[in-house]
S.K.: 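Submitted below is the structure of interest, expressed as structure tokens.
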Amino acid sequence: MIPVVKPFLPPIDEYQSLIAGIWERQWLTNMGPLAVKLEEKLQSRLAVSNLLFVTNGTIALQMAIKALGLKGEIITTPFSFVATTSTIVWEGCTPVFVDIEKDSLTIDSTKIEQAITKDTVAILATHVYGNPCDIEAIDAIAKKNNLKVIYDGAHAFGVKYKGKSIFEYGDISTCSLHATKLYHSTEGGFIVTNDKELNTRLKHIRNFGIAGFDKFSDLGINGKNSEMHAAMGIANLKYIDSIIEKRKKLYDAYTKGLASFPAVQPCWRAGATMNFPYYPIVLESEELLLAVREALLKDDIHVRRYFYPSLASALPYLPKQEFVVTEDIAKRVICLPFYYDLTEEEVERICGIMNRIN
Ligand SMILES: *Cc1c(COP(=O)(O)O)cnc(C)c1O
């Protein structure tokens, strides 16, 4: 079986030796030494100002919305994972969708201003498949209209834009460290902000709003993560360069193997480094996509329609809306199997099957 994703696992003895330390200290959670160490390592690896390790990427988004005190309409993308939208609704705000750019698949900044009303408070956009949004345009619109900006960087681990970590842009950026992501801590996530005060507030929010002995500062939640998860994050971090290097090889193998296949890749933003979290392609038609899925499935090879359907048309708790580019792309995009253990031979086999259909 070839799944669409498979988590990377570090050598078990390296994980076990970190776990042995937890047994010695008997400190399992609540900002333990491994969680603090992971934060320090990530902060220095990514070169970001303030980073908080949290439960998961979803809680990270909820905490971001809460910490910025957002109430009202939040402009967002219909082409993302459901958590980008559901967290807005969960926090009592209203998502207002704006269509995406057909090349980058990120939110179309030229359509944001017409969606702004007197109730708009923020923009929450996703760096889709790690590809940065049109950051300068979004920043300019936000400044002009006095809006906050949150970036869902769940796919964007390690990406740099114009020489700076992608997580340094916007008021707050979030990342997911879920097992299926490029880099993971089993479950987990982090929040980055370069605003010191905001970081302190987020710290309190992560810990039930507790701001010290006998003192509460904010409405909080339990956004902490455990020592076991931090151990996985630390063990995996050592391998991140070889993980990305291997993924680049697989990426090149796919691109070569599919050179004459009628599909295109999302266009990567100029000025951004690539991190190879997925291998997405936009096929010529939905018909071809379904044929590809069926042919691969016969060989027990699994692809995923990631992201389909559009968040603007599929969520039972929101009115249905259709956006021309999003509807069209969502019908034609798939992610092919892509993970560290995948071999170049397997990629060739997958490309072979696809090329025979065409
Ligand atoms: C995975 C993902 C999330 C949610 O992260 P979890 O850690 O699974 O909660 C949010 N947004 C996007 C774009 C994602 O891909």
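Counting starts at 1 for both ligands and their atoms, in listed order.
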S.K.: Counting heavy atoms not belonging to K203, are there more than 12 under 6.0 Å from its NZ?
M.R.: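 Atom NZ in K203 is not crowded, with 12 or fewer foreign heavy atoms closer than 6.0 Å.
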S.K.: Which residues pass the side-chain hydrogen bond (donor to acceptor under 3.5 Å, both in side chains) test with D134, not counting sequence neighbours?
M.R.: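 S109.
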S.K.: Which pairs count as ring pair (Phe, Tyr, Trp, His ring centres under 6.0 Å) when at least one residue sits in residues 209-251, sequence neighbours excluded?
M.R.: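 Pairs touching residues 209-251 that pass the test: F8-Y239, Y251-F276, Y251-Y279.
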S.K.: Does D252 come within less than 4.0 Å of K256, counting only side-chain N to carboxylate O?
M.R.: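 The answer is no: the pair does not qualify as a salt bridge.
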S.K.: Under a 4.0 Å heavy-atom cut-off, which residues neighbour ligand 1?
M.R.: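 Those residues closer than 4.0 Å to ligand 1 by some heavy atom are N56, G57, T58, S80, F81, A83, T84, T126, D152, A154, H155, S176, H178, K181, G188, Y306.
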S.K.: Flag yes if L198 and V48 sit in one hydrophobic cluster, no otherwise; membership is Ile, Leu, Val, Met, Phe, Trp, Tyr, and two members link when side-chain heavy atoms are under 4.5 Å apart.
M.R.: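 No; V48 is not reachable from L198 via cluster members.
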S.K.: Side chain to side chain contact (heavy atoms under 4.5 Å, CB included) with T77: which residues, sequence neighbours excluded?
M.R.: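 If we apply the side chain to side chain contact (heavy atoms under 4.5 Å, CB included) test to T77, skipping adjacent residues, the hits are F79, S80, I100, I107, T126.
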